[in-house]
Amino acid sequence: MTAAKHHDYRAMLAEAALFVRTRAAHGEVLIVGAARSAADDLVRLHCGSVAGVHRFTLRQLAATLAAQPMAERGLAPVNHFGQEALAARAIHAMRKRGALEYFGPVASSPGFAGALARTLGELRLEKTDQDALRATGRPGGDLANLLDLYQGMLTESRLADFAEVLRLATLVVRSGKHRLIGLPVVLLDLPRESAAARLLREEIVERSTRALVLELAEETRNEAATSLESLRHRLFANDVSPRPGGDDSFDLFSAPGEGLESAEIARRIHAFAAQGIAFDEQAILLRAVERYQPLLEEALTRAGIPCYFTRGSVRPDPAGRAFLALLACASESFTATRFAEYLSLGQAPSAEGGAQRETPPGTEDEILSPDGARTESGEEPETEAAPATPAAWEKLIVDAAVVGGRERWRRRLSGLEKELELRLRHLEDGDDSLRGYLENQLVLLGNLQRLALPAIEKLAALPAAAPW
């Protein structure tokens, strides 16, 4: 095993990449990173190939290793909500017996079940001895009794928390009966671990043919070159004397509310961009993601800043859903139901040439707009564009009996057009209401043809497979 500490993240990645390239040339390699994205970035940006390189977090690796023994024992993984429910049951059972000596006064308070679930999970991860826990006093005695009851409920319900997953994974590693055991392994800056996770990590390293353990060490220097480095080195220092001088590498601001704070963040991103820092070289780290993300998404969109959220968009983007519906339409031989689904999402180009909704700045281009929606110069076409009438279009598709198939679309829509024209010619004088209805149907049908037929031709021209 080779262990190394680096002060520079790029140097650490370079050493890991050299190890992976060397070992992958002769077989498979296992990478365990603090986050899956870190392992993916290492391979994609520095190694050039992902063939034979297995990438996991320690939690993902443990789940993979423990999958077979869990299936053999009939166990199902339990998440935090399930653990909290079990903890609440344990609290109820202990209160019913009158056995909570220390936690009795607060056992019914909101949040106690969640706090207890986290505490019991940590005790199990640290392999805490229950007798030693009882010896700590009344709080420890209550926790030991609750832990014993909680573990019994896990066994009775055939559930496995993360501590049990780690235990089963460790047994698998010791047996050596898994294809990932024995491979060269890179441990990429793993965080501080529990006793159970540390034991699994040690067993994996011990049974690997070659192991490289890399950690990112904090650089210690007396004098910091910038304000940001000074903050990093002296954040928890006892000496709070101000540092002379300063620069703009670190700035602190506050705003009266999350919305105004998000707007200020957008302004500062534009300021950085004016200094030559590209948008994709800037990042926003959020503490309360659920509260800030919708506000940030709106502020960045209004500011015309392209953004990507690691947890995805707050609301499904109808443009993306419409694009997927069109691709599904093409893959299913241009079925009418899939095209009707696309129309129902309100993304068909309107009379102004854009989608039937307010589009954020920078997204005016349509994914698959019909020919003639706009000319290359941006001017409006002479022919009338399709109005926002998806319900009427869907009815016309049904009336035309368009089931599917590229050629059938043109043939059936043309046939419906001739049928409407024939009915219109044979109308008797005085039937103005029916005449107006048929004329309107012809206009709608013409708009549908101008929308659907070019879109279907573009879909048909797409390659069957491509490295998108």
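The first residue of the sequence shown is numbered 1, and numbering continues consecutively from there.
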Next on the checklist: If I compare all heavy atoms of Ala299 with all of Ala266, which pair ends up nearest, and what's the gap?
Outcome noted: O-CB, 4.2 Å
Checklist entry - Less than 4.5 Å apart, any side-chain heavy atom of Val29 and any of Val185? => result no
Checklist entry - Taking atom CZ of Arg134 as the centre, does the number of heavy atoms from other residues, nucleotides or ligands within less than 6.0 Å exceed 12? => result yes
Next on the checklist: My understanding is that only one of Leu260, Leu296, Leu295, Ile305 makes a side-chain contact (heavy atoms from CB on, under 4.5 Å) with Ile265; could you say which?
Outcome noted: Leu296
Checklist entry - In chain order, what residues pass the side chain to side chain donor-acceptor pair (under 3.5 Å) check against Arg138, with sequence neighbours excluded? => result none
Checklist entry - Is any NZ, NE, NH1 or NH2 atom of the basic residue among Glu203 and Arg207 found under 4.0 Å from an Asp or Glu carboxylate oxygen of the other? => result yes
Next on the checklist: Apply side-chain contact (heavy atoms from CB on, under 4.5 Å) to residues Arg73 and Leu168 and explain how you reach the verdict.
Outcome noted: CA-CA 11 Å; Arg73 292 166 171 79; Leu168 294 175; 3.8 Å; yes
Next on the checklist: If you apply the rule side-chain contact (heavy atoms from CB on, under 4.5 Å), what do you find for Leu180 with His54, and how did you get there?
Outcome noted: CA-CA 8 Å; Leu180 296 177; His54 305 279; 3.8 Å; yes
Checklist entry - Of all heavy-atom pairs between Ala132 and Thr136, which one has the smallest distance, and what is that distance? => result O-CG2, 3.4 Å
Item to check | Partners meeting salt bridge (charged side-chain N to carboxylate O under 4.0 Å, His left out) with Arg89 (sequence neighbours left out) | outcome: none
Next on the checklist: Nearest 0.5 Å, please: how far is CG in Leu58 from OG in Ser194?
Outcome noted: 8.5 Å
Item to check | Inter-residue atom distance Leu125.CG - Arg167.CZ, 0.5 Å rounding | outcome: 13.0 Å
Next on the checklist: side-chain contact (heavy atoms from CB on, under 4.5 Å) for Met70 and Val165? Distances and angles first, verdict last.
Outcome noted: CA-CA 8 Å; Met70 285 181 62; Val165 171; 4.0 Å; yes
Checklist outcome for this item: Residue pairs meeting salt bridge (charged side-chain N to carboxylate O under 4.0 Å, His left out), one or both in residues 92-101, sequence neighbours left out, come to none
Next on the checklist: If the condition is side chain to side chain donor-acceptor pair (under 3.5 Å), which residues does Arg124 pass it with, not counting sequence neighbours?
Outcome noted: Gln151, Asp161
Checklist entry - Roughly how far apart are Arg201 CZ and Leu199 CG, rounded to 0.5 Å? => result 12.0 Å
Next on the checklist: Going by the rule ring-ring contact (aromatic ring centres under 6.0 Å, His included), which residues pair with Phe272 if we only count those two or more places apart in sequence or in a different chain?
Outcome noted: none
Checklist entry - For the residue pair Leu451 and Pro454, what are the closest heavy atoms and their distance? => result O-CD, 3.8 Å
Checklist entry - To the nearest 0.5 Å, how far apart are CD in Gln293 and CG in Leu286? => result 7.5 Å
Checklist outcome for this item: ring-ring contact (aromatic ring centres under 6.0 Å, His included) filter on Phe339, not counting sequence neighbours, yields Tyr342, Trp409
Next on the checklist: How close do Asp189 and Ala34 get, counting heavy atoms only, and between which atoms?
Outcome noted: O-CB, 3.5 Å
Item to check | Within-4.5 Å side-chain heavy-atom neighbours: Phe162 and Arg59 | outcome: yes
Item to check | Residue pair Met12 / Glu215, side-chain heavy-atom distance below 4.5 Å | outcome: no
Checklist entry - Are the side chains of Gln68 and Val172 in touch, meaning some heavy atoms are under 4.5 Å apart? => result no
Checklist entry - Can you name the salt bridge (charged side-chain N to carboxylate O under 4.0 Å, His left out) partners of Asp148, sequence neighbours left out? => result none
Next on the checklist: Would the distance check show the side chain of Arg302 and the main-chain N or O of Glu298 forming a donor-acceptor pair, the cut-off being under 3.5 Å?
Outcome noted: no
Checklist entry - Just wondering, more than 12 heavy atoms not from Phe253 lying within 6.0 Å of its CZ? => result yes
Item to check | Side-chain donor or acceptor of Ser157 paired with backbone N/O of Leu154 under 3.5 Å | outcome: no
Checklist entry - Quick one: does Val32's side chain get under 4.5 Å of Leu190's, heavy atoms only? => result yes
Checklist entry - What distance separates Leu166 CG from Glu193 CD, expressed to the nearest 0.5 Å? => result 9.5 Å
Checklist entry - Can you pull the salt bridge (charged side-chain N to carboxylate O under 4.0 Å, His left out) pairs that have at least one residue in residues 279-296, sequence neighbours excluded? => result Glu258-Arg291, Glu290-Arg311
Item to check | Listed partners of Glu261 passing salt bridge (charged side-chain N to carboxylate O under 4.0 Å, His left out), at least two apart | outcome: none
Item to check | Closest non-hydrogen atom pair between Ile31 and Leu42, with its separation | outcome: CD1-CD2, 3.8 Å
Item to check | Euclidean distance, Ile204 CD1 relative to Leu30 CG, rounded to 0.5 Å | outcome: 7.0 Å
Checklist entry - What heavy-atom pair brings Asp142 and Ala99 nearest, and what distance separates the two atoms? => result OD1-O, 3.6 Å
Item to check | Any side-chain heavy-atom pair of Leu100 and Leu146 under 4.5 Å | outcome: yes
Checklist entry - Side chain of Arg55, backbone of Ala38: donor and acceptor closer than 3.5 Å? => result no
Checklist entry - Judged by atom type as modelled, is there a donor-acceptor pair below 3.5 Å linking the side chain of Arg338 to the main-chain atoms of Glu332? => result no
Item to check | Exam field: side chain His270 to backbone Ala303, donor-acceptor pair closer than 3.5 Å | outcome: yes
Checklist outcome for this item: Quick note, ring-ring contact (aromatic ring centres under 6.0 Å, His included) partners involving residues 87-128, not counting sequence neighbours, are Phe103-Phe112
Item to check | Side-chain heavy atoms of Leu75 within contact of Leu159, under 4.5 Å | outcome: no
Item to check | By ring-ring contact (aromatic ring centres under 6.0 Å, His included) - contacts of Phe19 (at least two apart) | outcome: none
Item to check | Chi angles and distances behind the side-chain contact (heavy atoms from CB on, under 4.5 Å) call for Leu187, Leu214 | outcome: CA-CA 6 Å; Leu187 302 182; Leu214 298 173; over 6 Å; no
Checklist entry - Taking only residues two or more places apart in sequence, or in another chain, which ones meet Arg268 in a side chain to side chain donor-acceptor pair (under 3.5 Å)? => result Asp251, Glu264
Checklist entry - Taking Glu341 for the side chain and Ala325 for the main chain, is one N or O donor matched with an acceptor at less than 3.5 Å? => result no
Item to check | pair Leu300-Ile284: side-chain heavy atoms closer than 4.5 Å | outcome: yes
